[in-house]
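Keep in mind that this is a model prediction, so the values were computed, not measured. Along the sequence shown, residues carry numbers from 1. In each ligand, atom 1 is the first atom listed, and ligand 1 is the first ligand listed.
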Amino acid sequence: MNALTSAAAGSYQRLMEGRGDLVALRRELHAMPELGFEERRTGARIVQALRACGVDEIHEGIGRTGLVAVIHGQPTAQPGTPRLMGLRADMDALPLREQNDFAWKSATPGLMHACGHDGHCAMLVGTARYLAQTRRFSGTAVLVFQPGEEGYGGAREMIADGLFDRFPVEAIYAMHNWPHLPPGKIGLNRGAMMAAADRVQINIQGRGGHGAHPHLSVDPVLIAGHIITAVQSLVSRNVAPVEQAVVSLCAMQAGDLGAFSVIPELAQLTGTVRSFKPEVQQLLEERLTRLVESVALGFGASAKVDYQRLYPATVNSAAEADFAVRVAQWLVGPENVDDELPPSMGSEDFSFMLQARPGAYLRLGQGGPCGLHQPRYDFNDEILPVGAALFAALVEQGLPLDAH
Ligand SMILES: [Zn+2]
Ligand SMILES: [Zn+2]
């Protein structure tokens, strides 16, 4: 793994030396995974660690199980309101049975930290400890431990609960480990990082009957087949070719596999639509609904589309992304920063925070053979100090001490 540049290594020696504690905390969190809005033990453990770090304030119960730690830097001689910067880590695990067998594997069957949020929390605790001990910044660092990232909209919940009214940060940054980048490399871009994610559920109401007498029924299985094919025209024939979008119908249910001659009443499809621009999202929602309803109608059935917008696109603001690129280059060297990382069609609820405040979402390479959300995924503890240093450097360089 690449080390920090010599300039940065001097500043963050302390973080490198404290690595063992972060690894221990990360593994402790790994062993006790909790789902979104159930992160009570996780939250309590993080609060305990933050108290030991000497942070100035801890605020619990924001967005149900969310929490915020506040660290004040040096007073500034400059007039005006104090400056605040936000840093965010997510806390929840996934409903997955872990297939690793190291000593710190999940102690809760069926739940697993398979997205590395245990690592993100440990990194941000490392940043808290470093900032509270050194305080080489002005203004205030606001450390956000967010619940329910995995489809629960925990970021939205924290914002609705007054996160940015109580802590009016000027900018906010988040980081996610990324197995597709080598350990210690940092990737981001100055615009869209991740797509908007929508959920589609389709109910096709036919009329059941005997497979030998299909003319007396309305076959929803046949209609589902036509709908599956037809929706693939949405992106290819409606969205401009230079735009990015995808429609995937991923599951289907109809009838009973044991009933080989029974035409069922109902067929159900479910899937996802991903896009970046609101106008493309709007177009796909309208066209998909009309297309599905019309295809069903053409066959003498009816279809209902339940279209839910889950997460908006995660879009970095240009100035803050640019700042984060410079900080990352200083930290690990320009050769280890990809500042034109292509966007991913995945999604992330940090998008809600980036809609409310300027900021940037970064990826921190962790390597490894196993991708996120896999039962053998393993967070790479080697990257803990780099991640903690990156968060700390954003604060120190974004809220610099007054020049003397
Ligand atoms: Zn995830
Ligand atoms: Zn994640």
### Query
Can the ring centres of Tyr311 and Phe352 be said to be less than 6.0 Å apart?
yes
### Query
Does a donor on one side chain and an acceptor on the other come within less than 3.5 Å for Tyr152 and Glu38?
no
### Query
Which atom, among the N/O/S set of Glu150, is closest to the Zn ion (ligand 1)?
OE2
### Message
Taking the ring of His30 and the ring of Phe379, is the distance between their centroids below 6.0 Å?
### Response
no
### Task
Answer yes or no as to whether an N/O/S atom of His117 is found below 2.8 Å from the Zn ion (ligand 1).
no
### Metal-centred angle, NE2 of His176 through the Zn ion (ligand 2) to SG of Cys115, rounded to 10 degrees
100°
### Message
I'd like to know if the Zn ion (ligand 2) has an N/O/S atom from His120 within less than 2.8 Å of it, counting both backbone and side-chain atoms.
### Response
no
### Task
Work out which heavy atom in His72 is nearest to a heavy atom in Arg135; give both atom names and the distance.
O-NH1, 2.9 Å
